[in-house]
Amino acid sequence: MNHYSIAIDGPAASGKSTAAKIISKRLNFLYVDTGAMYRAVTLLMLEKGLDTKDREAAKSILDECDIKEDREGRVYLNGKDVTSRVRMPDVSSQVSYACAHKEVREKLVELQREMAKSENVIMDGRDIGTVVLQDATLKIYQIASSYARAVRRQKENVEKGISNASVEEIQKDIEKRDYIDSHRENSPLKKADDAIELDTSDLTIEEEVEAIITLFRKKVGEEVWNNMVQSL
Ligand code: DC
């Protein structure tokens, strides 16, 4: 049987994971939050008091870094649920450094491909369309202004009790991460040639979900779509 995959890439806080989670439920696809995995590696480095910019230090922990994600998108580091912990500001501000090391990326890309091997999947990150799932059925490159993204992230932080940083502080952090993520040597954030750009600055989550599902439906054609919907 054919497997279908949706790759969503884009800068920090562009709403990728919220939309991807909803789509995964509607289409019964596996959702993989790849950012959470890079965050888990970062957390382990911080817990060990290591410098996230130090490549040798990053390499040294990879063998003792067991990362798992369940179907609900919860992430486990060495058996411990760290889903909320990895969203905290200390991890957010360091993750761009830890995730830039070649060996860290190799380990996680392998894990991500393994997860996508045997079922329909929707995966979000920075290098899904360009590296992880180069043959994805649909590739979306999602953008939004840094201000719109900061406003969304601040609301989310307050709702989840993660931090009470201001919109300005968050916007600065987001712009810094965008710069590092798109200028790094290994798999920088960039639009795949065959990705469709979607600007979500003025879209609600529901509109974004609809837009992506419509693009997917067009891509696979009515026959496949109808079969898929019937089996839901
Ligand atoms: O999507 P996020 O904010 O949770 O991602 C956290 C960091 O991980 C982000 O700064 C870039 C990095 N990342 C990456 O390099 N490649 C991915 N596929 C996903 C995330």
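Just so you know, ligand 1 is whichever comes first in the structure, and atom 1 is the first atom listed for that ligand. Residue numbers count from 1 along this sequence.
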Residues Lys102, Glu185: salt bridge by 4.0 Å N-O rule = no

Quick note on ligand 1: atoms under 4.0 Å from a heavy atom of Ser96 include exactly 10 (O)

Side-chain donor or acceptor of Thr34 paired with backbone N/O of Asp124 under 3.5 Å: yes

* Under-4.0 Å salt bridge between Asp181 and Arg126 -> yes

query: Under a 4.5 Å cut-off applied to non-hydrogen side-chain atoms, are Asp9 and Gln142 in contact?
result: no

So ring-ring contact (aromatic ring centres under 6.0 Å, His included) across residues 177-199, not counting sequence neighbours, yields Tyr179-His183

Notebook entry, point to check: Measuring from the heavy atoms of Ala12, does anything fall under 4.0 Å of ligand 1?
Noted result: no

Near Asp127 (heavy-atom distance under 4.0 Å), the atoms of ligand 1 are 16 (N), 17 (C), 18 (N)

A student checking ligand 1 against Arg87 at a 4.0 Å heavy-atom cut-off should list atoms 4 (O)

Exercise for review: Assert yes or no for the condition that the ring centre distance of Phe216 to Phe29 is strictly below 6.0 Å.
Suggested key: yes

Salt-bridged, Glu56 to Lys59, with N to O below 4.0 Å?
yes

For Tyr38, the atoms of ligand 1 under 4.0 Å from one of its heavy atoms are 8 (O), 13 (N), 14 (C), 16 (N), 17 (C), 18 (N), 19 (C), 20 (C)

heavy-atom search around atom 12 (C) of ligand 1 in the protein gives Cys99 SG, 3.5 Å

Short version for Met37: what comes under 4.0 Å of ligand 1, heavy atoms counted, is neither

Asp124 to ligand 1: N or O pair under 3.5 Å?
no

For Asp181, the ligand 1 atoms with a heavy-atom partner under 4.0 Å come out as 9 (C), 10 (O), 11 (C)

Open item on the list: Regarding ligand 1, does Arg126 bring an N or O atom to under 3.5 Å of one of the ligand's N or O atoms?
Closed with: yes

Of Asp178, Val109, Asp9, Val95, the residue with the heavy atom nearest atom 8 (O) of ligand 1 is Val95

Sequence neighbours excluded, the answer for side chain to side chain contact (heavy atoms under 4.5 Å, CB included) partners of Asp81 is Arg74, Tyr76, Thr83

Arg105 to ligand 1, any heavy atom closer than 4.0 Å = yes

Filtering Met123, Arg184, Arg177 for the heavy atom nearest atom 6 (C) of ligand 1 leaves Arg177

